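Heads up, the thing below is written out as structure tokens.
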Amino acid sequence: MSEARGRLRATFEEAVLPPLVAVVVALVAGDLLILAYGQAPGAVWRMLLEGTWGNGYGFAQVLYKATTLTCTGLSVALALRAGLFNIGAEGQLAAGGFGAALAGLALPSGTPAWLAVSVCVLAAMAAGGAVGAVPGVLRAKFGAHEVIVTIMMNFVVLALLNYVVASKLHVPETLHTSTVRAGTVPRLADTVAAFHGSAANWTIVIVAAVTVALGWFLFRTKAGYELRAVGLQPMAAEYAGVRVGAVWRRALTLAGALAGLGGINFVLGYKGYYEEGFTGGAGFLGIAVALVGRNHPLGVALAALFFATLSQGGLAINAMVPKQIVEVLQGIVILAVATAVPEVRRLLVSAAARVVARPAPPAAGGSAA
Amino acid sequence: MSALLFLAQTVRIAVPYLFAAAGGAIAERAGVVSLTLEGFMLGGAFGAVLGAHYSGSAWVGIVSGIAAGLFLGAIHAAASIRFKADQVVVGVAINLFAVGITRFFLQLAFDSSSNSPRVAGFAGFGGAASGAGAAFLENPLVWLGLAVMPALAFVIHKTTFGLRVRAVGEHPEAAASVGVPVHRVRYVAVLSSGALAALGGVYLALDQHQFTDSMTAGRGFIALAAVIFGRWDPLKAGLACLLFAGAETLQIRLQAAQLIPSQFVAMIPYVLTIVAVAGVVGRSTPPAALGKTGE
């Protein structure tokens, strides 16, 4: 029993230590950059917190940004659970937003809200899923490496959308479509007065439900178990009768659908139209979110809040230091987590090996440390 | 005349691709994934402008641009080789880091969020004189760019170092067992990758006489596409760079005619690369140990 608890603690340490290390590294690096700009780190950090979690508007903006990041983070995390790297969340997110806008434009304006939103959500997930299916199928059928295909798909999708919007659907003099007739998602500020002026909207509830559902799928269903088995040991899974190719295809399609869902947040919850470049790197940041969230849906949601705080915080501190500082910090956090994960695992393994190698300590003295 | 102009414009567009693809080829042949080319280029471009601005000399810009590439390459190498971090993640992180750090220092050094002041370059190249033949021959980076792939092909196929690079990229355990210092070879390959790709950015910045925010605009990924489409062979990757640049030139030339929408021409490198890795027309197979971080 104590062995089980020890293993649980090791798992916990392996999951939680790397993000903590990363945050500390980012704080130190941030201090240096702030000092380079001739400001006091303490004051800047305080301003960052006050501008995000310290007032209604800032907090709601964090929620808004975290909603999109949760979607792209879940997308990357799900693919990683199947042992696949989805670098294509950026294009999938854009496709999802476009799909939602198309559906919203096609529906008649009198459509009941629940029906319109449902149709738009499905359209967003279908569009993102279609983009994700391409690398999935190419991987399953031809063994094409999904990292390369998803990267290249980003450019293909963005160019295609650019072509369609610029030549067919845009409002003259702009880079966006006209406003959807049905399917807009109401703002949270309509209900919570303190959020006034923020883009935060009810998409967050849909995304929260999807996050929980994904956790259930991954850890409580047979398909989720198979997906994780393929991610850990594809050969062994194949030997045990899992159709690895089908799992890969399904995982990347679903990953695309999750990223596509994020498009709802901007298109239906904020602007009411699809706009060129609305993704703004949220797809790539999804990789960071999945990594810091350790590919667990709950962790992903927390990591999304963290990165959303950084990104909104950049705006809050812009008067003291350039907001670009947070982009540097985001890069550093990813680097730090990426290096800390294998390092922590190695340290834990060598610590465990030392415990095993040493003769068991006397019972009385064993509980120290 | 028109053919000559076409060639000149193709070369001008191809030079940054050639440098970056050379960087990608050497790192990937040594078994280290090169999603970082975009970041290296951006760092190189900014480094070049910093150096050229404070010294007034384009030559100093070349040196400082390379230094910036080496700095980013060292981060890539340390994280991927020493700490065995996932190379794909490191690549994404370095690209993000490069965008952020160049923007931050653009603000710090030049108090602007969009562009640097005008800096020295080579001859009267670029700007209004676009397409003018003779002037661009005075840019040493053009000649270096055209020479880089043949030179890299020689290094990889004909020298001991090249043999070692291929060995650690294909079968690191075997290489280690005959005494090849696997880590050291990979460090050198990744640092070279940083310096080479940075030169692509240096060329861009000096050509335009300034740094503008995110000025590499995806060129690092086109270079990566060229490496993959060229099946990790320097000469073939070089030809792929010229092919992609030729398509862009054609698109610019045909813009008035509106034959094909520009977006479809822009897609060519990416679609070709997807087709190549899917193996529909002859499979593109990466070095065997690419991305493996094990001991």
Side-chain angles (χ1 to χ4, degrees), chain A residues 33 36-38 80 85 87 134-135 137-139 141-164 166-167 281 284-285 287-288 290-291 314 321-343 346, chain B residues 33 35 39 75-76 78-80 82-108 111 113 213 218 221-222 224-225 228 261-267 269-280 283-286 290-291 293:
Chain A
L33 288 173
Y37 212 75
L80 274 175
F85 234 122
I87 320 266
V134 174
V137 169
L138 293 182
R139 172 76 203 236
K141 253 186 120 76
F142 302 109
H145 203 296
E146 81 285 353
V147 168
I148 295 164
V149 178
T150 51
I151 289 177
M152 300 301 156
M153 278 299 286
N154 279 334
F155 293 100
V156 173
V157 168
L158 293 178
L160 264 181
L161 291 177
N162 177 281
Y163 168 72
V164 175
S167 67
F284 293 114
L285 211 49
I287 298 165
L291 189 71
V321 287
K323 61 174 185 291
Q324 291 81 10
I325 191 172
V326 301
E327 292 168 8
V328 181
L329 296 185
Q330 284 166 349
I332 291 174
V333 168
I334 307 174
L335 271 176
V337 178
T339 49
V341 168
E343 200 66 10
R346 214 168 302 134
Chain B
V33 178
L35 301 187
I75 297 177
H76 183 23
S80 302
R82 159 67 183 85
F83 289 102
K84 301 181 167 51
D86 188 292
Q87 295 164 12
V88 173
V89 174
V90 172
V92 172
I94 285 182
N95 288 338
L96 214 73
F97 179 76
V99 171
I101 200 94
T102 51
R103 282 182 180 164
F104 183 81
F105 281 103
L106 188 63
Q107 194 81 41
L108 191 64
D111 199 24
S113 60
D213 178 30
F221 289 104
I222 293 188
L224 178 68
I228 298 163
S262 63
Q263 293 93 340
F264 289 92
V265 179
M267 267 181 233
Y270 312 118
V271 173
L272 283 180
T273 305
I274 292 176
V275 171
V277 289
V280 180
R283 179 57 128 307
S284 204
T285 313
L290 186 63
T293 50

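Keep in mind that what you see is a predicted model, and the values were worked out from it rather than measured. In the text below, chain A, chain B and the rest are named by the order of the sequence lines, each starting its count at 1. For the numbers below, each heavy atom of this structure counts, side chains included, while hydrogens, waters and symmetry mates do not.
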Self-check item: Separation of B/Ile228 CD1 from A/Met152 CE (nearest 0.5 Å)
Solution: 4.5 Å
Practice problem: Drop me the distance from B/Phe97's CZ to A/Leu335's CG, to the nearest 0.5 angstrom. | Solution: 7.5 Å
Quiz item: Should the ring pair A/Tyr163 and B/Phe264 be called parallel, tilted or perpendicular, given that the plane angle runs from 0 to 90° and is split at 30 and 60?
Solution: perpendicular
Exercise. Write down the atom of B/Ala85, the atom of A/Ala338, and the distance for their closest heavy-atom approach.
Key: CB-O, 3.2 Å
Quiz item: Which atoms of A/Leu329 come close to chain B, meaning under 4.5 Å heavy atom to heavy atom: side chain ones, backbone ones, both, or neither?
Solution: neither
Quiz prompt | Residue pair A/Thr339 / B/Ala79: nearest heavy atoms and the distance that separates them | solution = CG2-CB, 3.6 Å
Exercise. Look up atom CG in B/Asn95 and atom CD1 in A/Ile334, then write down how far apart they are to the nearest 0.5 Å.
Key: 10.0 Å
Quiz item: Looking at A/Asn154, A/Ile151, A/Ile287, which has the largest count of heavy-atom pairs under 4.5 Å with chain B?
Solution: A/Ile151
Quiz prompt | chain B contact via A/Leu160 - side chain, backbone, both or neither, heavy atoms under 4.5 Å | solution = both
Self-check item: Interface moiety of B/Leu106 toward chain A, non-hydrogen atoms closer than 4.5 Å
Solution: neither
Quiz prompt | Contact leader toward chain A among B/Gln263, B/Arg103, B/Gln107, where contacts are heavy-atom pairs under 4.5 Å | solution = B/Gln263
Exercise. Let me know if B/Ala266 has heavy atoms under 4.5 Å from chain A in its side chain, its backbone, both or neither.
Key: neither
Quiz item: Considering only heavy atoms, which portion of A/Ile325 lies under 4.5 Å from any heavy atom of chain B: side chain, backbone, both, or neither?
Solution: both
Practice problem: Could you look at B/Ile222 and say if it's the side chain, the backbone, both or neither that has a heavy atom under 4.5 Å from chain A? | Solution: neither
Quiz item: At what distance, to the nearest 0.5 angstrom, does CD1 of B/Ile274 lie from CZ of A/Phe155?
Solution: 11.0 Å
Quiz item: For A/Val147, is it the side chain, the backbone, both or neither that has a heavy atom under 4.5 Å from a heavy atom of chain B?
Solution: side chain
Quiz prompt | A/Phe85 portion near chain B, given a 4.5 angstrom heavy-atom threshold | solution = side chain
Exercise. Grab the two heavy atoms, one from B/Ala278 and one from A/Ala144, that are nearest each other, plus how far apart they are.
Key: CA-CB, 3.7 Å
Quiz item: Of the listed residues (A/Pro322, A/Gly281, A/Ala166), which shares the most heavy-atom pairs with chain B below a 4.5 Å separation?
Solution: A/Pro322
Quiz item: Side chain, backbone, both or neither: which part of B/Val89 has a non-hydrogen atom closer than 4.5 Å to chain A?
Solution: both
Exercise. Name the member of A/Ala340, A/Ser167, A/Ala288, A/Gly331 that forms the most heavy-atom pairs with chain B at distances under 4.5 Å.
Key: A/Gly331
Quiz prompt | Nearest atoms (heavy-atom pairs only) where A/Phe284 meets B/Val92 | solution = O-CG1, 4.3 Å
Exercise. Tell me, out of A/Gln330, A/Gln324, A/Arg139, who's got the most heavy-atom pairs with chain B below 4.5 Å.
Key: A/Gln324
Quiz item: Between A/Leu138, A/Val134, A/Val149, which has the largest tally of heavy atom pairs under 4.5 Å with chain B?
Solution: A/Val149
